[in-house]
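Along the sequence shown, residues are numbered consecutively beginning with 1. This structure is a prediction, so every number in the text was calculated from the model and none was measured.
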Amino acid sequence: QDKWIPALEEKGIRESATEANPSAVLENTFISKMGKEQEIFDHDIFQDIIKFIDYGFLKKTVLITMANMMDRQDIGEHLSDFFLLVDTNQTGTISPGELKDAIEKMNVTNIDDGQMEKIFAGIDHDGSGQIHYAEFLATLVEGAGLVTEERLSDAFDRIDSGGEGYITPPD
């Protein structure tokens, strides 16, 4: 629980941090502040996810690099809180079951297990079997309007490890 205390203090709910787990605190603060959880899932997030899984390796790498470089101020509370709502097991990653539950909350019901595996694999860029925070954010940054020329340039510079001005497979 201690790892959650700074984020909870930021929200002005420090006293709740020692009395409840993060999900309970979020349920009592963020969801009530938003009116209801469904408002979060109503955004075209599922469309953002579907677009992302069809991207090539390089574009996904750039978006993940951008997501890694963004801080909470850049991202905004909405996307950070959305990750916490999807990460119901509070592991800091999203499992296949958690992603499936989140997609069902988006009222997308016509997805079979094979399609769900393809969606999960398309987001799990490193193949770890879990979706990490940066991988998750990378699926949403474009739809949230967070891709800027400056961020693309910074991501390019980070990927171009040799500083040649172009990206090669070893980069």
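A 4.5 Å side-chain heavy-atom check between Y133 and I75 finds at least one atom pair inside the cut-off. Looking at L79 and L146, their side chains come closer than 4.5 Å, going by heavy atoms from C-beta outward. The closest side-chain heavy-atom distance from I123 to I53 is below 4.5 Å. Side-chain contact check for M116 versus I103: some heavy-atom pair is nearer than 4.5 Å. Side chains of K100 and D113 form a contact here, defined as non-hydrogen atoms less than 4.5 Å apart. Side-chain contact between E142 and D48 is absent, with no heavy atoms from C-beta onward closer than 4.5 Å. A 4.5 Å side-chain heavy-atom check between D74 and R151 finds at least one atom pair inside the cut-off.
One finds the CE atom of M66 at 10.0 Å from the CD1 atom of I159 (value rounded to the nearest 0.5 Å). Separation of atoms CD1 (I94) and CG (D124) is listed at 11.0 Å; rounding is to 0.5 Å. Atoms CD and CD1, on Q115 and I50 in that order, are 8.5 Å from each other to the nearest 0.5 Å. Distance check: F156 CZ to E149 CD gives 13.0 Å after rounding to the nearest 0.5 Å. Atom CD1 of residue I45 and atom CZ of residue F52 lie 14.5 Å apart, to the nearest 0.5 angstrom.
Heavy-atom neighbours of E164 CD from other residues, nucleotides or ligands within 6.0 Å: above the threshold of 12.
A salt bridge links D81 to R72: one of the charged nitrogens lies within less than 4.0 Å of a carboxylate oxygen.
When hydrophobic clusters are built by joining Ile, Leu, Val, Met, Phe, Trp and Tyr residues whose side-chain heavy atoms come closer than 4.5 Å, directly or via intermediates, I64 is not grouped with M69.
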